[in-house]
J.: 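Before I ask anything, let me first share the structure, which is written out below as structure tokens.
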Amino acid sequence: MGTFRAARERPLLWAGAAFAVSLAAYLVVRWFAAPSSIDLAVYRVEGAAIRNGVDLYGRLATPKGLDATYPPFAAIVFVPFSYLAWAVVETIGVVVNLALLLVVCDQATRLAGVRMPNRYAAALVLAAVGLWAEPVWTTLRYGQVNLALLALIQWDFLRPSTARTRGLGIGIATGVKVTPGLFVVYLLITRRFRMAINAAVAFALTVAVSAAIVPSATWRFWTKLLWDSSRVGRLEDAANQSIRGVLARLYHGRDVPSAWELLIVAVLIGGLWCARYVYLRIGDAWAVPVCGVTGLLVAPIAWTHHWVWCLPIAALLWMQRRRWTPVVLVFWSFAVWAVPHVAPAERHFALWQTALSGWYVLGGLVFIALAADTARRVSCRGDGPADDGGQGARPGRPAAAAAPAPAPRSRRVPR
């Protein structure tokens with residue numbers, strides 16, 4: 001009894017202890033698992049290609065012959081890594097990603113409406129649990145950049161409306177990995193034009209920087225390679241958690257029948273409509289993850305580690321729709337690895353294997369539907385829209401008419 005009372009009285013201390021235990025366990029498991037950090041190794045080779053004037057999109061000496069698939073700006077960012085020994089690079093990658101996990105979890109709890117003094121404790125608990133989410137585990141295993149991109153996007157939506165450079169994070173994230181560009185569309189349909197322009201300008205600057213340093217590679221990527229998803233991987237790969245990936249496995253092929261492209265377009269339109277509808281009624285806390293999930297669903301390829309959006313979704317459901325929290329357990333189940341991940345096995349899946357290999361797609365669709373239902377419930381109750389994720393202005397009110405809030409607020413809904 002005394003232990004539980006102490007936990008209530010000193011939540012930050014106990015949350016810190018929980019994270020420390022989780023981190024120690026993770027490091028032990030990581031030691032025995034010996035992950036390859038293969039994507040980080042590819043980034044390092046790409047940085048060396050930029051430094052040495054080698055064709056970035058040619059045959060590079062990457063692990064397993066993997067191609068460079070990101071815009072040239074991403075490779076430029078990784079040039080400093082090309083000067084360092086691999087052991088140093090791998091250590092930096094792990095440390096930075098663990099730090100980003102804490103940052104992302106703190107941002108997620110802010111968006112979900114957690115108030116001080118409990119916010120830091122909530123962030124630590126989310127990080128302790130989040131370490132064992134498959135998308136986070138795989139991001140750390142491969143040395144991926146997903147947590148960095150998520151941090152940049154959430155940072156933009158948590159800044160006050162008076163910040164002149166809101167949108168900068170989205171623009172930079174788009175310059176690194178393209179897909180965050182969907183948030184520019186989200187900003188336009190929610191009539192936040194200044195923020196959308198800032199994001200577009202920041203993105204244009206990343207292209208300009210790469211054009212100045214590697215003009216040929218920049219031209220080639222943005223005019224040709226951008227549309228070549230085969231460089232990224234096999235569409236039917238069981239790790240591909242997009243609608244196209246599920247359909248390819250369902251049809252036992254390497255592509256999707258043209259008629260089904262209409263379904264993907266419908267999900268894109270429906271997801272963006274839902275994001276706008278949710279934003280107008282309960283703000284960015286729900287709408288931003290809806291937009292992020294929509295982007296993953298309609299992308300040609302969305303690897304399991306791209307689904308780090310499970311962290312803000314988990315925080316949101318726990319705070320505002322707790323009975324629906326089990327929805328996010330799909331991201332902690334590792335079920336997608338219970339089926340073969342080798343060609344051509346994925347083209348011969350039984351129906352149950354196809355269903356299991358589309359676990360994240362199902363979870364994403366359920367979350368979008370739940371967000372729409374949450375907005376509908378608030379609207380039916382007659383509540384006004386929530387504060388806009390740190391903007392300090394509510395949808396439908398001029399930004400100048402509202403004072404910036406010290407922390408974002410999000411309308412609670414019946415659980």
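Sequence positions, counted from 1, serve as the residue numbers for this chain.
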J.: Checking the side chain of Arg141 only, and the main-chain atoms of Ser36 only, is there a donor and an acceptor separated by less than 3.5 Å?
T.: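 Here the side-chain-to-backbone pair does not exist.
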J.: Short question: side chain of Arg220, backbone of Leu56 - any donor-acceptor pair under 3.5 Å?
T.: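 Answer holds: no.
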J.: Can the ring centres of Trp222 and Phe203 be said to be less than 6.0 Å apart?
T.: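 Close enough - the centres of the two rings lie under 6.0 Å apart.
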J.: With a cut-off of 6.0 Å (strictly less than), are more than 12 heavy atoms of other residues, nucleotides or ligands near CH2 of Trp359?
T.: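 For Trp359, atom CH2 is not crowded (no more than 12 foreign heavy atoms under 6.0 Å).
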J.: Supply the atom-to-atom distance Leu365 CG to Thr294 OG1, rounded to the nearest 0.5 angstrom.
T.: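 Leu365 CG to Thr294 OG1: 9.0 Å, rounded to 0.5 Å.
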J.: Just how far is it from atom OG1 of Thr165 to atom CZ of Arg159, taken to the nearest 0.5 Å?
T.: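 Between Thr165 OG1 and Arg159 CZ, I get 3.5 Å after rounding to 0.5 Å.
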J.: Do other residues, nucleotides or ligands put more than 12 heavy atoms under 6.0 Å from Trp219 CH2?
T.: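 At most 12 heavy atoms, drawn from other residues, nucleotides or ligands, come within 6.0 Å of this atom.
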J.: Is the backbone of Glu134 close enough, under 3.5 Å, to the side chain of Trp307 for a donor and an acceptor to pair up by distance?
T.: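 Not confirmed, Trp307 side chain does not pair with Glu134 backbone.
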J.: Would you say that more than 12 heavy atoms from the other residues, nucleotides or ligands in this model lie under 6.0 Å from the CZ of Arg276, or not?
T.: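 Incorrect, the count does not exceed 12.
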J.: Once you round to the nearest 0.5 Å, how far does CG of Leu149 lie from CD1 of Ile153?
T.: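 So the CG of Leu149 and the CD1 of Ile153 are separated by 6.5 Å.
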J.: Within the side chain of Asn97, is there an N or O that forms a donor-acceptor pair under 3.5 Å with the backbone of Val136?
T.: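 Here the side-chain-to-backbone pair does not exist.
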J.: Checking Asn240 side chain against Trp303 main chain: does a donor-acceptor pair fall under 3.5 Å?
T.: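 Between the backbone of Trp303 and the side chain of Asn240 there is no qualifying donor-acceptor contact (under 3.5 Å).
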J.: Does a salt bridge link Arg59 with Asp67, judged by any charged N lying under 4.0 Å from a carboxylate O?
T.: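 A salt bridge is present here (some side-chain N lies under 4.0 Å from a carboxylate O).
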J.: State the NE2-CD1 distance between His306 and Ile301, to the nearest 0.5 angstrom.
T.: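 Going from the NE2 atom of His306 to the CD1 atom of Ile301 covers 9.0 Å.
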J.: Does the side chain of Leu317 come within less than 4.5 Å of Val328's, by heavy atoms?
T.: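 Contact flag for Val328/Leu317 side chains = yes.
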J.: So does Ala238 get a backbone contact from the side chain of Glu346, meaning a donor-acceptor N/O pair under 3.5 Å?
T.: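 Confirmed, Glu346 side chain pairs with Ala238 backbone.
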J.: Tell me whether Asp156 is salt-bridged to Arg192, with the criterion being a basic N under 4.0 Å from an acidic carboxylate O.
T.: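 No salt bridge links Asp156 with Arg192.
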J.: Can a donor-acceptor pair be found, under 3.5 Å and without considering hydrogens, that links the side chain of Arg347 to the backbone of Arg249?
T.: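 Not a single qualifying donor-acceptor pair exists.
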J.: Quick check: does any side chain N or O of Thr138 sit under 3.5 Å from a backbone N or O of Pro135, one acting as donor and the other as acceptor?
T.: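 Checked: no pair found.
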J.: Side-chain contact test, heavy atoms from C-beta onward, threshold under 4.5 Å: evaluate it for Leu362 versus Val330 and give yes or no.
T.: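 Heavy-atom side-chain distance check fails, nothing below 4.5 Å.
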J.: Could you tell me whether a side-chain N or O of His341 sits under 3.5 Å from a main-chain N or O of Val336, the two making a donor and an acceptor?
T.: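 Answer holds: yes.
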J.: Taking the side chain as C-beta and beyond, is there a heavy-atom pair between Leu131 and Leu140 under 4.5 Å?
T.: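 When only atoms from C-beta onward are counted, Leu140 and Leu131 do touch, with a gap below 4.5 Å.
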J.: Taking the inter-plane angle between the rings of Phe78 and Phe81 on a 0 to 90° scale, is it parallel (under 30°), tilted (30 to 60°) or perpendicular (over 60°)?
T.: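 Rings of Phe78 and Phe81: perpendicular, as their planes differ by over 60°.
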J.: Give a yes or no on whether the backbone of Ser357 and the side-chain of Gln241 come within a donor-acceptor separation of less than 3.5 Å.
T.: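 The answer is yes, because a donor-acceptor pair under 3.5 Å joins these two groups.
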J.: Check the angle between the aromatic planes of Phe183 and Tyr186 and answer parallel, tilted or perpendicular using the 30° and 60° thresholds.
T.: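 Answer is perpendicular, since the angle exceeds 60°.
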J.: Does the side chain of Tyr251 come under 3.5 Å of the side chain of Trp260 through a donor N or O and an acceptor N or O?
T.: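 Looking only at side-chain atoms, Trp260 and Tyr251 do form a donor-acceptor pair, the distance falling under 3.5 Å.
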J.: Ion pair present between Arg377 and Asp373, side-chain N to carboxylate O less than 4.0 angstrom?
T.: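 Salt bridge between Arg377 and Asp373, a charged N being under 4.0 Å from a carboxylate O: yes.
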J.: Going by atom types alone, do Glu46 and Tyr70 pair a side-chain donor with an acceptor below 3.5 Å?
T.: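 Short answer, no.
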J.: With a 3.5 Å cut-off and sequence neighbours excluded, list the donor-acceptor pairs that the side chains of residues 19-26 form with protein atoms.
T.:
| unit_1 | atom_1 | unit_2 | atom_2 | d |
| --- | --- | --- | --- | --- |
| Ser22 | OG | Ala128 | O | 2.7 |
| Ser22 | OG | Trp132 | NE1 | 2.8 |
| Tyr26 | OH | Arg30 | NH1 | 2.8 |

